[in-house]
Amino acid sequence: MTEVVGIRFKKAGKVYYFDPDGLKIEEGMGAVVETARGVEYGNVVKGNMMVPDDEVFQPLKKVIRIGTEEDAKQIEEDKEKEKEAFAICEEKILKHGLDMKLVDVEITFDHNKLIFYFTSDGRVDFRELVKELAAVFRTRIELRQIGVRDEAKMLNGIGICGRSLCCATFLGDFHPVSIKMAKEQNLSLNPTKISGICGRLMCCLKYEQDVYEELNKKMPNVGDIISTPDGSGEILAVNVLMQAVKAGVKKNENDAPTIAFYNVNEIKVIKAKKSKQKTEEIDKSLLEELED
């Protein structure tokens, strides 16, 4: 077992483990640590705890010291500087006519680097831009191209559910989301209904996927011929969450079918028929873009 503390550098960002180096660090404190980007200030989200050795990458970097009021004050001052840097960079982008959208600016805690995050549809030659920014700020400049999901995470917004975006409030990592998940949950395959404000498939499709996969294993398909307590019939619709089916059942072969509902445990499939549920006409190329 290894003693660690969990530190997060951005709201809803990934939690990284560090060696407390003998310090007693509690959740909610600030901490100054050394990272691959240099000295950084982060918020402690997990105090001193023991984790299995296979859950950490050795060697762990150590916590330099616990954060102070002066550190917190510096963070606030840096935020003001980042706003100024953002405005200056936007002016330079317009001056050079670059096809890029500036999203965010970040100053490292040790002031050794200024990072500009941007989005663009293609590659951008920003060498001249970097030279001008370096001349203005007199520090190392890094321009980092990010995807639309990362842009939404940084900027935040309101989803179709009426709440703040999951990625910007509590999701530390992005999980792969596919069209298969929407099909499995019997959702409309209309791109406007299953995509978030970033233009990609909604992250929340992942939340109930495991439950739907487990429940769907027990469910027959629409079109299957089944036997029921009232006779044989054909499945017309299924309700995965209720574990129930709607079927047209005939008590006798010459009788007209009657509509009835059954629990999945009350029926038995006599003849399986591949489901031919009708789906809305969709643009396949657009759906493929949603999964990128």
Side-chain angles (χ1 to χ4, degrees), residues 8-14 16 35-38 40 78-160 164-179 190-206 282-292:
R8 180 177 279 153
F9 299 101
K10 291 183 178 181
K11 183 181 178 182
K14 186 176 179 180
Y16 296 90
T35 70
R37 297 197 316 179
E40 291 283 353
D78 287 347
K79 287 181 179 178
E80 293 301 316
K81 293 177 182 177
E82 287 169 356
K83 291 179 181 178
E84 295 175 10
F86 190 98
I88 292 171
C89 186
E90 278 197 320
E91 289 178 10
K92 301 294 183 184
I93 289 172
L94 289 173
K95 174 185 172 182
H96 290 278
L98 298 175
D99 184 20
M100 56 192 288
K101 177 187 175 184
L102 188 62
V103 176
D104 197 14
V105 180
E106 183 181 353
I107 299 175
T108 56
F109 185 72
D110 55 11
H111 291 181
N112 282 336
K113 187 188 294 185
L114 195 55
I115 306 171
F116 296 86
Y117 298 93
F118 71 94
T119 59
S120 177
D121 293 333
R123 295 176 63 87
V124 180
D125 183 0
F126 47 69
R127 288 173 293 183
E128 292 301 319
L129 175 62
V130 170
K131 289 179 183 178
E132 286 200 24
L133 292 175
V136 172
F137 298 107
R138 304 271 181 197
T139 188
R140 290 177 59 195
I141 302 295
E142 180 179 334
L143 268 73
R144 188 175 298 177
Q145 187 169 357
I146 60 174
V148 288
R149 285 184 184 271
D150 294 299
E151 179 186 10
K153 186 180 182 72
M154 287 182 175
L155 298 180
N156 201 350
I158 303 298
I160 59 172
S164 294
L165 300 182
C166 298
C167 60
T169 49
F170 65 87
L171 279 184
D173 290 312
F174 290 113
H175 299 287
V177 186
S178 67
I179 290 296
N190 184 335
T192 60
K193 294 182 179 180
I194 57 175
S195 58
I197 66 171
C198 61
R200 299 290 184 263
L201 291 172
M202 293 187 295
C203 294
C204 54
L205 291 177
K206 176 72 176 175
I282 55 175
D283 185 339
K284 286 188 176 181
S285 63
L286 185 54
L287 286 176
E288 287 173 359
E289 287 181 13
L290 292 178
E291 291 188 280
D292 287 347

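Quick note: residue numbers are just sequence positions, from 1.
A salt bridge does not link K79 with E82: none of the charged nitrogens is closer than 4.0 Å to a carboxylate oxygen.
With a 4.5 Å cut-off on side-chain heavy atoms, T35 and F9 count as touching. You'll find the side chain of K153 stays beyond 4.5 Å of the side chain of I146, heavy atoms only. A 4.5 Å side-chain heavy-atom check between I160 and M202 finds at least one atom pair inside the cut-off. When side chains are defined from C-beta on, R200 counts as touching V148, because their heavy atoms get closer than 4.5 Å.
Among all heavy-atom pairs drawn from F174 and C167, the shortest one is CE2-CB, 3.6 Å. Minimum interatomic distance between A152 and C198 (heavy atoms only, all atoms of both residues): CB-CB, 3.9 Å. The two residues T169 and S164 make their nearest non-hydrogen contact at CG2-CB, 3.6 Å. Between I197 and L165, the shortest heavy-atom contact is CD1-CD1, 3.4 Å. The minimum heavy-atom distance between S178 and L201, with the atom names listed, is C-CD1, 3.5 Å.
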Practice task
List the steps and the verdict of side chain to side chain contact (heavy atoms under 4.5 Å, CB included) for E151 and M154.
Solution key: CA-CA 5 Å; E151 179 186 10; M154 287 182 175; 5.9 Å; no
Exercise for the section: Would you please test K131 and E128 for salt bridge (Lys or Arg N to Asp or Glu O under 4.0 Å) and show each step? Expected result: CA-CA 5 Å; K131 289 179 183 178; E128 292 301 319; 3.6 Å; yes
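Shown here are the salt bridge (charged side-chain N to carboxylate O under 4.0 Å, His left out) partners of R144, two or more places apart in sequence or in another chain: E142. Applying the ring pair (Phe, Tyr, Trp, His ring centres under 6.0 Å) rule to Y117 yields no partners; only residues at least two apart in sequence or on another chain are considered.
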Could you list the donor-acceptor pairs under 3.5 angstrom formed between side-chain atoms of residues 86-96 and any protein atom two or more places apart in sequence or on another chain?
unit_1	atom_1	unit_2	atom_2	d
K92	NZ	E132	OE1	3.2
K95	NZ	E132	OE1	3.4
K95	NZ	E132	OE2	3.2
H96	NE2	E132	OE2	2.9

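A distance of 7.5 Å separates CG of L155 from CG of D104, quoted to the nearest 0.5 Å. For the atom pair CZ (R127) and CG (L143), the distance works out to 13.0 Å, reported to the nearest 0.5 Å. Interatomic distance, L98 CG to L129 CG, rounded to the nearest 0.5 Å: 6.0 Å. To the nearest 0.5 Å, atom NZ of residue K81 and atom CG of residue L114 are 10.5 Å apart. Rounding to the nearest 0.5 angstrom, the gap separating the CG atom in N112 from the CD1 atom in I107 is 11.5 Å. Expressed to the nearest 0.5 Å, how far CD of E106 lies from CZ of F116 amounts to 11.5 Å.
Not a single donor-acceptor pair under 3.5 Å links the side chain of K206 to the backbone N or O of V177. Proximity of a side-chain donor or acceptor of S120 to a complementary backbone N or O of D99 within less than 3.5 Å is detected.
Using the six-membered ring where Trp is involved, F126 and F118 have ring planes that are perpendicular, over 60° apart on the 30 and 60° scheme.
Heavy atoms from other residues, nucleotides or ligands lying under 6.0 Å from NZ of K10 number more than 12.
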